[in-house]
Amino acid sequence: MPKDISPIVCAIGSPLLCPVVKEQTIAPRYDLKRMRLSVFVPLALAVAAAVASAQQPDLIQNPAARHGASLDGRWQYLMDPYEAGYLDFHLNPIKDGGLGANRVPRDKGDKYELAFLPATPALEVPGDWNTQKPELLWYEGSVWYRREFDHPMAAAGRQFLWFGAANYQAVVFLNGKKVGRHEGGFTPFQFEVTGMLKDHANAVIVKVDNQRHADAVPPAMTDWWNYGGLSREVRLIDVPETFIEDYQVQLEKGSMDRVAGWVRLNGVRKRQKVTIRIPEAGAAFPAETDDNGYARFAFPAKLSLWSPESPKLYDVTVEAETDRVQDHIGFRSITTQGTKILLNGKPVFLRGVAIHAEAPFRSGRVFSEADARTLLGWAKDMGCNFVRLAHYPHDAAMTRLADEMGLLVWSEIPVYWAVQWENPAVYAKAERQLSEMISRDKNRASVVFWSMANETPLGDARTKFLSSLAAKARELDGTRLITAATLPHAGAPNTVVLDDPLGRYLDVMGCNEYIGWYDGPPEKADLTSFQNTYDKPLVMSEFGAEAPFGSHGDETTAWTEEYQANVYRHQLGMLQRIPFLQGMAAWILMDFRCPRRFLSGVQDYYNRKGLFSDRGEKKQAYYVLRDFYESKVSH
Ligand code: GCU
């Protein structure tokens with residue numbers, strides 16, 4: 001079967017059951033115990049950092065700080081549910097790439113159909129297509145996008161087409177030539193287009209297909225709206241022939257006065273002198289890249305450490321002989337000690353809330369700083385020092401703002417519910433998304449958790465899959481905590497036992513429980529206790545109840561604000577009694593669109609577990625949680 005074809009033509013018929021594409025197989029290969037045995041600190045750090053850099057995807061770090069041009073704005077679009085822009089009537093790929101070929105009818109006699117014409121309508125990029133056109137609200141399939149742009153001086157240096165994200169599969173063409181494809185809806189990707197640009201009238205065409213598949217990540221069944229499109233910013237990046245492709249500058253693991261990290265150059269001049277500058281801390285550390293363009297560094301530095309109370313960011317410059325990149329980086333240490341989570345060496349309690357990348361007021365996928373500032377501002381006002389960004393990497397604006405506003409972040413890849421654990425191609429997709437997530441945010445002080453999964457069923461293949469991801473995450477970034485949102489396991493009556501075999505591979509246990517909503521009456525929480533088979537901290541990664549704003553009744557009437565608030569009161573009583581609980585994230589900050597929630601007049605295709613309505617109205621439960629968090633701060 002042709003590689004980039006959506007399942008619509010698949011013999012089996014239902015897209016949910018059809019595979020996406022055939023990829024190289026990657027068998028899960030890491031055993032954590034073997035990794036622990038081999039640690040000998042300085043050597044391990046050198047090796048770990050070398051491996052970390054080598055394993056990072058080829059993604060330009062900090063694209064916003066690079067020269068280039070934004071390609072955001074109006075893009076023409078064509079819906080193509082039958083893949084007619086790509087396949088002929090016998091399902092063979094159209095030789096010249098079809099719509100991607102950027103052809104137009106040559107003359108008045110030319111009957112060529114696969115073309116964008118002046119009359120072709122347009123969509124805003126970045127943005128999902130669903131909330132821009134009523135006919136696209138429920139649409140799942142391919143949409144072709146086209147944008148023209150000039151690029152004078154195309155000859156100088158190197159150029160990359162960079163995408164913040166495109167949901168779900170993207171095939172990219174430039175000036176009629178295919179430059180590459182990407183799978184995964186929430187992480188950045190790029191293609192080098194050096195030598196392919198003209199000074200004027202360049203045409204970039206992208207086929208984006210958001211069809212859901214059983215062998216995708218996330219799989220076909222989720223509890224959020226499958227917003228499709230070029231959902232995040234698009235940039236053309238200009239860099240010198242040899243440029244600083246990637247770097248990590250953070251506190252050395254477990255230290256509070258040593259900065260450590262690495263730099264990787266891309267280009268012919270691999271061996272160069274580089275300098276890591278933190279002017280405000282009087283640091284200017286010289287290093288030299290090796291034949292692979294790679295340098296590792298570690299040096300003492302007197303820094304005021306980043307925390308939610310004082311989110312100090314430093315101007316940091318990574319300088320090479322042929323390139324220079326500026327960034328704003330906070331320095332903090334995050335570790336665990338038994339059942340405690342230590343931020344900068346001190347125990348911290350995570351007062352949190354979960355957030356979907358659902359835009360407040362206008363609905364649709366979050367893509368702007370304004371959206372992010374509203375959502376994170378609401379969390380801050382509620383007394384939070386922590387946000388769980390569910391269930392996929394959010395826009396870079398969210399983690400950058402969390403750095404600035406002082407919010408600790410849980411970042412997660414969409415290994416969600418029923419994934420094909422035995423399918424190596426699916427593992428490869430999950431690992432790729434993990435690498436891209438870590439690559440993008442590894443310099444964000446706010447990000448303290450890498451989460452491998454959410455609510456996945458017990459099973460050996462699943463645990464092997466997820467433990468390999470956890471090992472990979474440690475390899476890519478040993479400075480943060482590895483976690484996952486597991487499901488509670490009922491033990492003795494009124495006892496929840498945290499004994500998921502995955503716990504062995506995690507630094508912090510996450511658990512989603514809905515006592516009082518899916519699981520018994522609110523009062524059940526008063527009787528419930530938790531047991532932890534691991535000497536590790538617990539973050540209650542989800543709890544909550546549902547009520548549309550303005551729905552009122554007595555507290556025993558479901559779907560009312562009174563019932564939701566009552567669940568919160570009982571929940572908070574229970575949570576306070578858990579001795580190893582080090583944090584919580586209420587589900588969820590704001591109501592969000594969801595095709596699985598269709599109770600008429602109540603849900604209307606929204607999950608209504610928000611503490612805020614999607615129009616920013618505070619429900620009674622908001623005040624219950626806010627008062628609890630305030631009490632936590634004052635004690
Ligand atoms: C689950 C899941 C969420 C979902 C929530 C709910 O636990 O992780 O994605 O939205 O429960 O049922 O509202």
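Just follow the structure's listing: the first ligand is 1, and inside any ligand the first atom is 1.
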Heavy-atom distance under 4.5 Å between the side chains of Gln211 and Tyr168, does that happen here? no
Ser446 and Thr399 have their tightest heavy-atom pair at OG-O, 3.3 Å
message: Taking the ring of His570 and the ring of Trp517, is the distance between their centroids below 6.0 Å?
response: no
| task | Answer yes when Glu358 and Arg365 have at least one side-chain N-carboxylate O distance shorter than 4.0 Å, and no when they do not. | result | no
Residue set satisfying side-chain hydrogen bond (donor to acceptor under 3.5 Å, both in side chains) with Arg332, at least two apart, ordered chain then number -> none
Centroid-centroid distance, Trp129 to Tyr139, less than 6.0 Å
yes
Pocket residues around ligand 1 (non-hydrogen, under 4.0 Å) come out as Asp223, His391, Tyr416, Asn454, Glu455, Asn512, Tyr514, Tyr518, Glu542, Trp587, Phe592, Arg597, Asn607, Lys609
